[in-house]
Amino acid sequence: MVTRTFSAILADRAAADPDEPIVVDAEGTMTAGEVDAAASTLAHALVDRGVRQDDLVSVSLPNGRDMVTACFGIWRAGATPQ
């Protein structure tokens, strides 16, 4: 059985079609490329602040682009959103 991380799935989608709409909320549409880039930026910031593999990171955001970006950034940092 092959398993893939959420982060890897997003990265593959962004590489295959960076303009694919991934998030649609009240602020508009975010593409796979935009979510992927924002997640990478957040992941680097989290790691710089001491987040490590398998850490739990609490998220308190309403549904929307910020929540999606936060979860993908946390997964990309190797942690788990809570």
ask   = What orientation do Phe6 and Phe72 show, parallel under 30°, tilted 30 to 60°, or perpendicular over 60°?
value =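 Ring orientation of Phe6 relative to Phe72: perpendicular.
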Taking every non-hydrogen atom, the tightest pair across [X] and [Y]:
X     : Y     : value
Val23 : Gly64 : CG1-C, 4.4 Å
Gly73 : Ala43 : O-CB, 3.4 Å
Thr29 : Glu34 : O-OE1, 3.8 Å

request  = Under the side chain to side chain contact (heavy atoms under 4.5 Å, CB included) rule, collect the residues that match up with Ser7, sequence neighbours excluded.
outcome  = Thr5, Arg76
task = Would you please name every residue forming a side chain to side chain contact (heavy atoms under 4.5 Å, CB included) with Ala70, sequence neighbours left out?
result = Leu42, Val59, Leu61
Passing option when Val35 is tested against Glu20, Met30, Arg65 for side-chain contact (heavy atoms from CB on, under 4.5 Å) =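 For Val35, the side-chain contact (heavy atoms from CB on, under 4.5 Å) check succeeds only for Met30.
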Would you check if the side chain of [X] reaches a backbone N or O of [Y] as a donor-acceptor pair within less than 3.5 Å?
X     : Y     : result
Thr41 : Ala37 : yes
Thr31 : Pro18 : yes
Asp36 : Ala14 : no
Asp12 : Ala15 : no

Atom pairs and distances, donor-acceptor, side-chain atoms in residues 47-55, under 3.5 Å, two or more places apart:
residue: Arg49; atom: NH1; partner: Ala45; partner atom: O; Å: 3.2
residue: Arg52; atom: NH1; partner: Val47; partner atom: O; Å: 3.1
residue: Asp55; atom: OD2; partner: Arg52; partner atom: N; Å: 2.8

ask   = Say you draw a straight line from CE of Met67 to OG of Ser60; how long is it, rounded to the nearest 0.5 Å?
value =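 Here the rounded value is 7.5 Å.
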request  = Verify side-chain contact (heavy atoms from CB on, under 4.5 Å) between Ile74 and Thr80, making sure each step is shown before the conclusion.
outcome  = CA-CA 6 Å; Ile74 293 164; Thr80 301; 5.5 Å; no
inquiry  = Show, in sequence, the C-alpha distance, side-chain angles and deciding distance for Ile22 and Arg13, and conclude whether the side-chain contact (heavy atoms from CB on, under 4.5 Å) test is met.
reply    = CA-CA 9 Å; Ile22 294 289; Arg13 301 270 304 255; 4.1 Å; yes
task = Indicate if Leu46 and Trp75 have the same hydrophobic cluster label, given that clusters are the connected sets of ILVMFWY residues with side-chain heavy-atom separations under 4.5 angstrom.
result = no
